[in-house]
Amino acid sequence: MIDVRLLRDDPEAVRASQRARGADEGVVDAVLAADARRRAAMTTSEGLRAEQKALGKQVAQAKGEEKTALLARAKELAEQARGAAAEAEVQGAEYDRLIRSLANVVQGAPPGGEDDFVVLREVGSKPEIESPKDHLELGELLGAIDVERGAKVSGSRFYFLTGVGARLELALLNLAVAKAVEAGFTPMITPTLVKPEVMAGTGFLGEHADEVYRLAADDLYLVGTSEVALAGYHADEILDLSAGPKRYAGWSACYRREAGSHGRDTRGIIRVHQFHKVEMFSFCSLDDAAAEHERLLGWEEEVLQAVEVPYRVIDVAAGDLGSSAARKFDCEGWVPSQGRYRELTSTSNCTTFQARRLSVRERGDDGSTRPVATLNGTLATTRWLVAILENHQLPDGSVRVPEALRPYMGGLEVLTPVS
RNA sequence: GGAGGUGUCGCCUAGUCCGGUCUAUGGCGCCCGCCUGCUAAGCGGGUUUGGGUGUUAAAGCCCAUCGCGGGUUCAAAUCCCGCCACCUCCGCCA
């Protein structure tokens, strides 16, 4: 949810943002009109209510005939007040629906759609591999990935990580947690089922609602990332951020329906319904948010470098941002079998968009409250196994274990094919 | 799944039976001031949150807020219904 004051004071800024996203800018004026109606209805309703309360006090003290007369008047007023309150509620709900339909105001992202990203830098050198095997072939050789049985048990886009595959994922996630702890994050293991208001608060029930698994019988949602639970962690709280941002590293399973991506990335574990992720989440002051965003990106790059995967950093275009994000940087790892970069991390600055919906605030110097900024970023996911396996493969199908992961794999240096 | 209990403005707490005098009591903590070599004590004042109105900004005024949502009533912390969380016990169960 964006700041209604920004909308009133500078509607053109919001229209420009909507244009940059390729979204409907007419909503801006619809919200403004609804806001005016809402406030008018509220003033009427509150005035009547004040009158009613005053009269109520007279009723309490009056006696006999006077009381009877006042009571008659009070009943009439109560009826009017009820009507006005109902009208105010209708207008308020309409305003709420409209303002929640607005995406966050873009901040510095390049204009355009999915293909209009800007490459900020490329890091690491791509390995020279003659006819590289893809991650699934490697995974099967190593006894690390079993998609056939995944499909047997759960359907397409499910898999088992087996043996060294399971160990490799645990090693990767543990490395990520260790890095996070080193950087001062509080590690968290989060719920993966959340209430509707939390899911809505993070902005995932907007245009991407069909990506989310819902358990109708319990009215709960399966999270697509621990960002959801972490954002909700401080809902309805007033935080003290005077000592700096509150930083959490969430470890969780993530669930995605992948509706609308039929036929894309059907091979292997690039696009799956369930995976694991270590996610950074930061609550910080709005003033500090852009700098914090750079820091999150820095930590992502640190882990990518630790596992020795070549990558590039892109500044995601406005039209490809989620509704909560004002700006987003992705790190894309090199995938030799595809000869291209694929998304491995994504860090978003959601400014105050999520915090407003979830009511996460901090206290200003003057004692007033204001919404905080929230940011998130990927520190490691199951998908990284694709890049790790492929970039470190050897001609015989063995895979060199990056040094940083070895301590988490009992010192194992090379994964070798099982006979 | 069943029975009982609890939920009040940071924390503790009064009020709920019997609706209006609740503009929610008191203590602790915190903030401001006074007083006193300093500190402590003492004294006085302030201290939920959201919104509306107003303004250069503010003050002020108004509405809502006693776990959440409904209902009854001229009027609800208080009465009724539903839900949630926590505690105690019973049953069941990886």
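Just so we're on the same page: letters track the sequence lines, and every chain starts at 1.
Protein atom CG of A:D219 is 13 Å distant from nucleotide atom C1' of B:C83, rounded to whole Å. Between the C1' atom of B:U73 and the CD atom of A:E76 lies a distance of 17 Å, rounded to the nearest Å. Across the protein-nucleic acid pair, A:E237 atom CD and B:G50 atom P stand 14 Å apart, rounded to whole Å. The interatomic distance linking A:Q58 (CD) with B:G20 (P) rounds to 18 Å, in whole Å. For A:Q91 and B:G52, the CD to P distance is 15 Å, given to the nearest whole Å. One atom, CD of A:E51, and another, C1' of B:G52, lie 17 Å apart when rounded to the nearest Å. In this structure, the CG atom of A:D96 is 13 Å from the P atom of B:G52, given to the nearest Å. Between the CD atom of A:E197 and the C1' atom of B:C84 there is a distance of 11 Å, rounded to whole Å.
Annotation: B:G82 and B:G26 have their P atoms spaced 36 Å apart (nearest Å). Using atom P as the reference point in both B:G29 and B:G91, the two lie 47 Å apart (nearest Å). Separation of the P atoms belonging to B:U21 and B:A64 is 14 Å when rounded to the nearest angstrom. Taking atom P on both nucleotides, B:G15 is separated from B:C79 by 13 Å, rounded to a whole Å. A gap of 28 Å separates the C1' atoms of B:U65 and B:A57, to the nearest Å. Nucleotides B:G10 and B:A3 have their P atoms positioned 33 Å apart, rounded to a whole Å. A gap of 25 Å separates the P atoms of B:G37 and B:C30, to the nearest Å. Taking atom C1' in both B:A40 and B:G46, one finds a spacing of 22 Å when rounded to whole Å.
Out of B:G20, B:U49, B:A75, the shortest distance to the side chain of A:A60 is found at B:G20. When each of B:U53, B:G50, B:C74 is scored by its nearest atom to the side-chain atoms of A:R361, the top-ranked nucleotide is B:G50. Between B:A64, B:G52, B:G20, one nucleotide has an atom nearer to the side chain of A:R39 than all others, and that is B:G52. Of the candidates B:A75, B:U53, B:C63, B:A75 carries the atom nearest the A:Q52 side chain, counting heavy atoms from C-beta on. In this structure, of B:G52, B:A64, B:C74, it is B:A64 that holds the atom nearest to the side chain of A:K53. Distances were taken from every side-chain heavy atom of A:R49 (C-beta onward) to each of B:A64, B:C62, B:C74; the shortest belongs to B:A64. In this structure, of B:U49, B:C62, B:A76, it is B:C62 that holds the atom nearest to the side chain of A:A50. You'll find that the side chain of A:I238 is closest to B:U49, out of B:C74, B:U49, B:U23.
In plain terms, the two heavy atoms of A:A380 and A:A176 that are nearest each other are CB-CB, 3.6 Å. The minimum heavy-atom distance between A:E227 and A:T202, with the atom names listed, is O-CG2, 4.4 Å.
Cation-pi check for A:R38 over A:Y95 is met; the charged atom lies under 6.0 angstrom from the ring centroid and within 45 degrees of its normal.
The pairing partner recorded for B:U16 is none, the criterion being a Watson-Crick or G-U wobble arrangement whose two distances lie under 3.5 angstrom. A 3.5 Å limit on both hydrogen-bonding distances identifies B:C68 as the Watson-Crick or G-U partner of B:G82. Remark: B:G4 base-pairs with B:C87. Criterion, Watson-Crick or G-U wobble with two distances under 3.5 Å.
When only modelled atom types and interatomic distance are considered, A:Y159 and A:E148 share no side-chain donor-acceptor pair under 3.5 Å. One side chain, A:E390 or A:S337, offers a donor N or O that lies under 3.5 Å from an acceptor on the other. Defined by atom type and a distance below 3.5 Å, a donor-acceptor pair is present between the side-chain atoms of A:S346 and A:D330.
Taking only side-chain nitrogens and oxygens, A:T43 never comes nearer than 4.0 Å to OP1 or OP2 of B:C62. Between A:R38 and B:G52, a side-chain N or O to OP1/OP2 separation shorter than 4.0 Å is present.
Across the interface with RNA chain B, nearest-nucleotide mapping of A:V4 and A:K195 shows A:V4 to be the residue nearer the 5′ end. Both A:T369 and A:A78 lie close to RNA chain B; mapped to their nearest nucleotides by heavy-atom distance, the more 5′-ward contact belongs to A:T369.
Nucleic acid contact class of A:S359 (heavy atoms, under 4.0 Å, all strands): none.
Taking the side chain to side chain donor-acceptor pair (under 3.5 Å) definition, one finds that A:S242 meets it with A:D240, sequence neighbours left out.
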